[in-house]
Structure formats: C-alpha cells, structure tokens
Chemist: 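To start, I am sharing the structure in question, which I have written as structure tokens.
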2 protein chains.
Amino acid sequence: MNENSSIRAKSGTNQEGTSAHNRRVMIEALRLNGALSRADLARATQLTKQAVSNIIEDLERDGLVVALDTVRKGRGQPSTPYRLVPEGAFAIGLQIDRHLTRAVVVDLVGSVLARAEANLPLDEPSEGVKVILGLIDGVRRELAGISSQSESRLVGLGVAMPGPFGLQNSDDKWMMPAWQKFPLLETLAAGTGLNVGLQNDAAACATAERIVGAAHGVDHAVSLYVGYGIAAGLILNGELYTGGNGNAGEIGRALLSPAGPGSTPLEHRASLASLYQHLGLDAADAHLYERMDALALAEDPKVMAWIKDAAHDLRWSVHLIETIFDPQTVILTSGAPETLARRLLEAMQPLLPSIADRPGRSLPRLQLGITDPWSIALGAAAEPISRAFDPRFSAILKTRSGGF
Amino acid sequence: MNENSSIRAKSGTNQEGTSAHNRRVMIEALRLNGALSRADLARATQLTKQAVSNIIEDLERDGLVVALDTVRKGRGQPSTPYRLVPEGAFAIGLQIDRHLTRAVVVDLVGSVLARAEANLPLDEPSEGVKVILGLIDGVRRELAGISSQSESRLVGLGVAMPGPFGLQNSDDKWMMPAWQKFPLLETLAAGTGLNVGLQNDAAACATAERIVGAAHGVDHAVSLYVGYGIAAGLILNGELYTGGNGNAGEIGRALLSPAGPGSTPLEHRASLASLYQHLGLDAADAHLYERMDALALAEDPKVMAWIKDAAHDLRWSVHLIETIFDPQTVILTSGAPETLARRLLEAMQPLLPSIADRPGRSLPRLQLGITDPWSIALGAAAEPISRAFDPRFSAILKTRSGGF
DNA sequence: TAATTAAGTCAAGCGGATTGACTTAATAGC
DNA sequence: GCTATTAAGTCAATCCGCTTGACTTAATTA
C-alpha cells in the first residue's frame with residue numbers, strides 16, 4: 001500500500017534457516033546414499049561431527065531417521081548407520097486426466113502405499129471434484145489403517161494435470177478448458193484441509209524420476225513426456241524448474257519449423273492423441289491402455305508406422321532439449337504401455353549428433369523412465385514431500401506473505 | 001579415493017553462511033532499489049532492524065555502502081538512506097571474439113571505467129594471449145589511476161567467448177577451434193593472478209542485461225543473442241543458468257525442423273555470419289561494424305532482404321524460447337549496430353501467438369537489449385561481481401574442494 | 001599387549017540474529 | 001505552543017545452533 005511495499009528484495013535468513021537447511025541436507029544425503037553414519041554425514045556435508053550428531057538426534061526423535069546395526073569396517077570404533085524411516089512422512093498425489101483421475105499415497109521414500117482411480121467427466125469439474133474428494137478420502141482412510149500418525153505426518157496434496165495454466169484463450173482440447181476455469185486448488189484445499197500444490201503432468205513425471213527414478217541425484221535432467229500431449233519436465237540445478245508462470249517445458253506447443261503460421265506444433269504429430277487418431281481409438285475408451293499394449297506387442301502395422309513418424313519428430317525434440325538445456329541425461333516418459341514406450345525409444349535411435357555427444361559421459365543421452373501408468377500420480381505426491389524435505393534455496397529464506 | 005569420496009550430498013551451512021547471504025541480500029536490495037534506509041531494508045528482507053543495522057555498519061566499514069543525507073517523510077525520526085559505493089569493487093571483463101578482443105573494467109554498479117581493444121589472430125592463441133595480457137594490464141593500470149585500492153577491490157576476471165565448450169569435435173568455424181584447445185583460463189589466471197571465470201557470449205549478454213539492462217531485477221528472462229552465431233542467455237530463478245556442462249542456451253545449433261540430417265541449424269541462417277556471407281563481407285574486416293551501420297541506415301536492399309529472412313527464423317526462436325522457458329520477457333541482443341538490431345526487432349513483429357500472450361503482462365514479450373558493442377565485455381566483467389555479491393544458493397553453503 | 005585409528009560425546013565458546021526497552025526526531029492535533 | 005503520536009535507530013541481554021578441543025569407546029594392526 002505505502003511506498004515500502006514496492007521495495008524489491010530477497011528475504012534474509014537466520015539460524016533457523018541454517019538449521020532447516022542442514023536437516024534437509026541430511027535427509028537428502030540419506031535418500032541418495034541409502035544409509036550413512038554420523039561421521040559419513042559430517043564428511044559429506046562439511047559440517048562438524050557434533051553438529052551432525054545433534055541434527056540426527058533431532059531427526060531420530062522426530063521419527064524421520066532410525067539407527068541400524070553398527071558395522072565394523074577396519075580400525076576404529078564401529079559406526080552406526082542411519083536410514084530414512086519411510087513412515088516419517090506421507091503425501092497424497094492426484095492425477096487429473098481427461099477421462100480419469102488417480103490418487104495415491106506415498107511415503108517419505110516414494111513408495112506407493114495406497115491407490116485408487118475413477119472416471120472423470122471431462123467437462124463437468126463441479127461433478128468431478130466430488131469424485132476426486134471421494135477418492136482422496138478413500139486413500140486417506142487406507143493410510144490411517146497403515147499408520148496411526150498418518151494425519152500428523154501428511155505433508156500435503158500434490159495435483160498434476162495437463163498444462164499450460166492460466167492462459168487467456170484456453171478453449172483448446174489439449175487443456176481441459178472446463179477444468180482450467182474451475183477454482184480447483186481452492187476447492188481441494190477447502191475439501192481436504194491440506195496444503196495443495198499444482199504441477200503439469202510432465203513436471204510430475206520429472207518429479208517422480210527425481211525421487212525414485214533415473215533422475216535420482218542428478219542435478220540436470222529433462223524428462224520428455226509423451227502423453228495425450230507432449231511436454232518436458234525440467235530438473236535444473238537439482239530442482240524442478242517451472243518458469244515465470246509455471247508453464248516452462250511446454251515443448252509440445254513448439255512449432256516444428258519456422259515455416260509460418262500454419263507450422264504444426266510438435267504435439268499434433270507425435271503425441272498419444274495423434275496415435276489415438278491414427279488408430280481411430282476413442283480417448284475416453286476405458287480399455288485404451290490394454291488395447292495399445294496389445295497392438296504394440298503384436299507389432300501392429302499402423303502402430304509401427306506411427307512410431308516411425310513420431311520417433312522422427314521426437315528425435316528432433318531430444319536434439320532440441322540437449323541443445324538448449326545441456327542436461328546430463330534425457331528421460332523418455334510416457335502415459336503409454338511399456339512395450340510401446342520401449343519401441344518408441346528404440347525407433348529414436350540413433351539420436352541426432354548434438355553437443356551432448358561428448359567424450360566421457362557417465363549417463364546415457366536418452367533413457368527410458370518409469371513406465372508405470374501411476375507415475376504421474378506418484379510424481380504429484382512427491383512434490384509436497386520434496387517441498388518439505390529437500391534442500392532448496394527458498395527453504396533457507398525467512399518466509400513472507402506475498403511479494404518478490 | 002576411499003569409499004567415502006563416493007558419498008553424494010549437498011554441503012551444510014552455518015552462521016557464516018547466514019551472514020554472507022544477508023550481506024548479499026542487502027547489496028542486491030540496494031542495487032535494485034537505489035537507496036534504502038535501515039528500516040526499509042529490515043522490512044524488505046524480513047530481518048530485524050538490529051540485524052540490518054549491524055550488517056550495514058559492516059558494509060559501510062568495508063566501503064561497500066555509504067549513508068546519504070537524512071530524509072524526512074512524515075512523522076517519526078528522519079531516515080538515513082544508504083546506497084552502494086561504486087568504487088567498492090571492480091572486475092575486469094574480457095571479450096574474445098574471432099578477430100578482436102576487448103577488455104573493460106567495471107565497478108560494483110556496472111559502470112565501465114576503462115576499456116581497450118585489439119585485433120586478435122584467429123588461429124594463434126599463444127600469440128593472442130600475449131595481446132590479451134597486454135590489454136588487461138593496460139586497463140588495470142588505468143584503474144590504478146582511478147582508485148588507490150584498485151588491486152584489493154578487484155574481485156576477478158570474467159571471460160566471454162563463443163561456445164559451446166568442451167566438445168569432442170570442435171573443428172567447426174563457429175567455435176574458434178584453436179582457442180578451444182588452448183588452456184586459456186589457466187594461462188590467464190597465471191598471467192594475471194586473478195580468479196578467472198568463463199561464459200559464452202550469449203551468457204555474457206544476459207549477465208550485462210541483468211546488471212544494468214532490461215533483466216535488472218527480473219527473475220526469469222532470456223536474452224536471444226544474434227552475433228556471429230546465435231545463442232540464448234538464460235536467467236532462471238534470478239541466476240544465470242549454464243546447464244550440466246556450461247553449454248545451455250546454444251539455440252543456434254537447434255535444427256529448424258525435424259526434416260532429417262540435412263536440416264539446417266538456426267545460426268546458419270539468421271546469424272551475422274549469414275549476413276556477412278550474404279553481403280560478401282569479410283568477418284575480419286576492421287570496419288565491419290561501420291559498414292553494417294551505414295548499410296542498415298541506408299536501408300540497403302540486400303540487408304533488408306536478409307533482415308526479412310532472419311526475422312522469420314528469429315520469430316520462431318522467440319516462440320520456442322517462450323514455449324520452453326516461460327520467461328517474463330525475451331531480450332534481443334546483438335553484436336550488430338543499433339540501427340540493424342532495431343530493424344530486426346521491428347521485422348520480427350508481430351510475434352507468433354504463444355503461451356506468453358497472456359493477459360496482465362507487465363513486461364513486453366520481446367524488447368531490445370543493450371546495443372553497445374562493448375556489452376559482451378561488460379557482461380563478462382559483471383560475472384565476477386555477481387558471483388561475489390549477489391545472493392545465490394551456493395554462496396550459503398560451506399565451500400569444499402571438489403565433489404558434488 | 002600396546003599402538004593406532006576412527007566414531008562419537010561432552011562442555012565450553014562463539015558468531016550472529018532476536019528481543020524488548022529506550023532514545024531521538026520528526027509530524028499531527030488540540 | 002504544547003502534547004501525543006509515529007517512526008528510525010540504538011543498547012544490552014538473550015538465545016540458537018554450529019564449532020572447538022579434549023575425551024571416551026571400540027575396533028584393527030603389529
């Protein structure tokens with residue numbers, strides 16, 4: 001309101017920020033390395049043994065880590081390794097797709113403890129929300145049967161749905177226009193009492209790869225998600241990057257060439273939507289997944305023809321991603337059955353020559369990600385876990401209501 | 001060496017990290033807002049008045065900030081604004097181009113205090129380095145004449161040259177192959193005794209825009225650099241993003257379409273290299289800049305034809321950048337004279353519809369950046385300043401020799 | 001059995017932000 | 001013109017969390 005509100009500055013920090021960061025660093029180190037002793041942690045994090053000891057003691061009291069049996073490894077006192085306690089935290093993930101919604105509960109290490117799915121009316125979000133709240137309630141009860149502390153350890157609800165978000169003209173079949181206009185996050189927050197976060201489905205796939213997949217512990221990775229649409233999930237500097245308005249990575253809307261206003265967006269040609277069209281399948285078909293799986297297994301000629309064409313465009317996309325992001329690896333993720341995804345990956349070989357073609361690479365240029373159809377819901381659930389427990393710049397800063 | 005060296009973890013932090021961050025936050029706040037009182041800073045950074053007072057006292061003693069006259073603004077004790085002291089720090093920036101090298105000295109606020117340029121032999125880096133060291137020595141002496149504390153306040157040497165770096169097959173006219181193979185950074189570090197950092201020229205342009213240009217205080221901005229080659233400089237989350245191997249943003253090598261191995265890279269068609277070829281000019285011509293300026297001013301038909309074609313491809317690039325990065329703004333930067341750059345910008349209008357076309361934008365989708373031909377050297381110099389004084393995650397962490 | 005090595009604890013110390021009372025210096029209201 | 005109010009900034013004590021250095025514990029090596 002007054003002139004001060006216009007001052008732009010980052011927030012400062014204090015000992016609480018320090019401590020929060022160090023706790024997160026410990027948790028990440030245990031997640032990446034399985035089990036570590038206090039001495040290991042001290043070396044790895046550059047903190048003193050004493051500091052680590054205090055932090056581990058705290059984490060143990062909070063039920064986030066637990067000691068294992070001591071191990072003797074040469075001279076000196078045996079060390080006591082610690083590992084994460086999976087039941088230390090839970091999160092619910094929700095995937096909202098065109099004709100389907102899925103909810104899962106995951107724990108601190110990314111294991112799925114409960115799952116449920118239901119059909120969703122594409123154009124009636126107010127009806128759909130009731131279905132969704134029912135689904136969430138179901139998995140939440142299931143969780144309550146597993147852990148007595150389930151409610152106090154539930155860190156949030158992550159939602160994944162097709163992007164991009166917040167556009168003017170959202171009357172576009174790729175974007176589930178009715179849902180875009182609906183106040184979904186507010187409704188879900190009110191209906192569940194949880195913190196709610198939103199990602200697009202490609203970001204959710206990348207988040208899933210980061211917590212339990214090929215991007216685990218990799219600082220620069222891009223997942224190329226081939227679903228109904230196509231998008232990239234960006235892990236940059238070890239964190240999900242979402243851009244200025246949450247829409248980074250919408251590569252499916254990239255034009256295949258500068259040839260003019262009629263130039264085709266990538267996702268019109270290489271997405272599963274294009275496959276459905278090519279095969280004359282209905283996206284609302286309840287057995288779509290099984291049908292695709294069967295066709296891919298049988299090497300159906302129409303499917304193989306689509307794969308060939310799509311691979312051609314996707315090979316270009318990988319080249320583009322490598323050229324623009326310079327990631328350590330690109331991960332192919334998909335809503336399609338594993339057979340189909342694998343055939344697509346094979347058809348993309350050999351990749352185009354690019355700056356990623358360098359001597360001494362430790363990771364493959366392109367690899368197959370998680371093909372489980374539940375991976376988007378898993379990634380959705382992983383987001384609140386990551387927000388609560390992974391080291392990140394914003395976790396160090398003092399919080400504020402609004403502003404910069 | 002032993003098994004511990006394979007443990008992956010981020011580094012922890014302590015009160016020194018806290019303090020370092022808070023100092024940087026104060027400096028950034030003053031840079032972005034001009035002058036602020038301690039009370040303003042306390043509100044903006046969420047720290048207490050007392051903490052801010054102590055930090056400002058330190059910064060004042062270190063010669064980085066200075067008090068201005070008190071100002072009365074309504075009730076209460078008048079406030080004492082502080083501003084950055086330009087002479088608080090200096091850095092040297094070096095641009096290495098194909099036939100030319102430029103060195104500048106900049107101060108803490110990004111003003112250029114000294115500049116020098118010389119011709120450079122494209123294929124003889126060992127000769128070239130002598131020229132460069134002479135140039136650096138020259139501006140360094142000039143700085144010594146300006147400030148008695150110049151040496152102690154010199155934070156580093158930033159180098160900008162065309163990328164990408166570290167490829168296998170670097171025998172490519174775009175990459176100055178002889179220079180890529182030469183141990184440039186080591187030689188310059190030994191020859192000057194300064195910390196040396198390297199960026200590609202597009203990154204340097206973006207860094208320049210960040211310190212004194214259109215990206216000042218913008219968290220998500222991409223500069224599209226049209227020089228001999230084409231590349232993008234990426235400001236993501238308020239920091240320069242350089243990718244897994246320092247080569248992020250090499251959009252000039254992106255293929256214009258998936259049409260196969262013969263598909264053209266962008267920079268073969270829309271870069272200044274293509275303009276020189278189109279005009280039959282020699283890139284080594286000492287009066288290249290003036291010739292281009294004259295031709296652009298005169299609306300030479302060949303130049304206008306090139307502009308039309310290049311704008312067509314660049315319009316596509318802007319669309320691609322917006323689609324993939326979702327930045328708040330795209331900045332057109334160039335090694336070309338302002339007249340030419342401005343004509344190019346105009347010819348790119350109207351932009352292609354994209355997800356950046358949203359209601360309530362505060363920044364233009366595309367704007368002209370600094371057109372001063374010294375901006376790359378300025379950006380090169382701004383990098384050590386930014387590394388030393390801007391808030392960033394890595395500045396909070398405890399340092400280590402190698403590793404993750 | 002003694003020396004060595006490494007894990008981990010103890011207790012004091014220290015750096016840096018926080019807290020709350022206080023001082024200073026202006027404007028607003030009567 | 002006096003008084004109340006408001007805001008900037010300081011003082012001194014406190015508190016939080018990492019660091020330091022000595023010490024204990026428990027293994028292997030010679």
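Chain letters run A, B, ... following the sequence lines, proteins first, then strands; residues in each count from 1.
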Chemist: With sequence neighbours left out, what residues match A:Arg140 under salt bridge (charged side-chain N to carboxylate O under 4.0 Å, His left out)?
Modeler: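 Here the qualifying residues are A:Glu151.
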Chemist: In whole angstroms, how far is the C1' atom of D:dC18 from the CE atom of A:Met26?
Modeler: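 Interatomic distance, CE of A:Met26 to C1' of D:dC18: 11 Å.
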Chemist: Within residues 48-58 of chain B, which residues have any heavy atom lying less than 4.0 Å from an atom of DNA chain D?
Modeler: B:Lys49, B:Gln50, B:Ser53
Chemist: Could you tell me the separation between the CG atom of B:Leu59 and the C1' atom of C:dG16, rounded to a whole number of Å?
Modeler: 14 Å
Chemist: Please state how far atom CD in B:Glu16 lies from atom P in C:dA17, giving the value in whole angstrom units.
Modeler: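 Atom CD in B:Glu16 sits about 12 Å away from atom P in C:dA17.
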Chemist: Answer yes or no: does a side-chain N or O of B:Arg38 lie under 4.0 Å from OP1 or OP2 of D:dT10?
Modeler: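 So the side chain of B:Arg38 is within the cut-off, an N or O lying under 4.0 Å from OP1 or OP2 of D:dT10.
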Chemist: Could you state the NZ-P distance from B:Lys73 to D:dA7, rounded to the nearest angstrom?
Modeler: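 It works out to 11 Å between those atoms.
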Chemist: May I ask you to verify if any side-chain N or O of A:Arg75 is less than 4.0 angstrom from the OP1 or OP2 atom of D:dA30?
Modeler: no
Chemist: Round to the nearest Å and state the distance from A:Leu68 atom CG to C:dA7 atom P.
Modeler: 16 Å
Chemist: Roughly how many Å is it from NE2 in B:His21 to P in C:dG16, rounded to a whole number?
Modeler: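 Result: 15 Å.
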Chemist: Would you say B:Arg72 reaches D:dA8's phosphate, i.e. side-chain N/O to OP1/OP2 under 4.0 Å?
Modeler: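 Checking D:dA8 against B:Arg72, no side-chain N or O comes under 4.0 Å of OP1 or OP2.
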Chemist: Without decimals, in angstroms, what is the distance between A:Ile396 CD1 and C:dG16 C1'?
Modeler: 16 Å
Chemist: Mind checking salt bridge (charged side-chain N to carboxylate O under 4.0 Å, His left out) for A:Arg23 and listing every partner two or more places apart, or none if nothing turns up?
Modeler: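 Result, salt bridge (charged side-chain N to carboxylate O under 4.0 Å, His left out) vs A:Arg23: A:Asp62.
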Chemist: Between A:Arg61 and A:Glu57, is the closest basic N to carboxylate O distance under 4.0 Å?
Modeler: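 Here A:Glu57 does not pair with A:Arg61 in a salt bridge, since their nearest N and O are not under 4.0 Å apart.
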Chemist: With a sphere of 6.0 Å drawn around CD of A:Glu16, does it hold more than 12 non-hydrogen atoms of other residues, nucleotides or ligands?
Modeler: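 Open.
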Chemist: Tell me, please, which residues at least two apart from B:Glu209 pass side chain to side chain donor-acceptor pair (under 3.5 Å).
Modeler: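 Counting only residues at least two positions away or on another chain, B:Glu209 forms no side chain to side chain donor-acceptor pair (under 3.5 Å).
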Chemist: With sequence neighbours excluded, give me every salt bridge (charged side-chain N to carboxylate O under 4.0 Å, His left out) pair touching residues 75-88 of chain A.
Modeler: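 Every pair satisfying salt bridge (charged side-chain N to carboxylate O under 4.0 Å, His left out) with a residue in residues 75-88 of chain A: there are none.
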Chemist: Less than 4.0 angstrom between a side-chain N/O of A:Thr70 and OP1 or OP2 of D:dA26, yes or no?
Modeler: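 For A:Thr70, the contact criterion (side-chain N or O under 4.0 Å from OP1 or OP2 of D:dA26) is not met.
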Chemist: Examine D:dG17: is either OP1 or OP2 under 4.0 Å from a nitrogen or oxygen in the side chain of A:Asn22? Give yes or no.
Modeler: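 Answer is no, no contact under 4.0 Å.
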Chemist: Quick check: any donor-acceptor pair below 3.5 Å linking the side-chain of A:Gln77 to the base of C:dG8?
Modeler: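 Check fails, no donor-acceptor contact within cut-off.
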Chemist: Would you indicate which nucleotide in C:dA25, D:dG17, D:dA26 comes nearest to any side-chain atom of B:Pro78?
Modeler: C:dA25
Chemist: Select one nucleotide: of C:dG16, D:dC18, C:dG8, the one nearest the side-chain heavy atoms of A:Thr80.
Modeler: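 For A:Thr80, the side-chain atoms sit closest to C:dG8.
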Chemist: Under 4.0 Å: is that the gap between some side-chain N or O of B:Ser79 and OP1 or OP2 of D:dG9?
Modeler: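 Answer is no, no contact under 4.0 Å.
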Chemist: To the nearest Å, how far apart are A:Leu41 CG and C:dG8 C1'?
Modeler: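 So the two atoms are 13 Å apart, to the nearest Å.
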Chemist: Anything under 30° is parallel, anything over 60° is perpendicular, the rest tilted; go ahead and classify A:Tyr241 against B:His220.
Modeler: tilted
Chemist: For A:Gly76 and for A:Leu47, find the nucleotide of DNA chain D with the closest heavy atom, then tell me which residue's nucleotide is more 5'.
Modeler: A:Leu47
Chemist: For A:Arg210, what residues pass the salt bridge (charged side-chain N to carboxylate O under 4.0 Å, His left out) criterion, not counting sequence neighbours?
Modeler: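 So A:Arg210 forms a salt bridge (charged side-chain N to carboxylate O under 4.0 Å, His left out) with A:Asp390.
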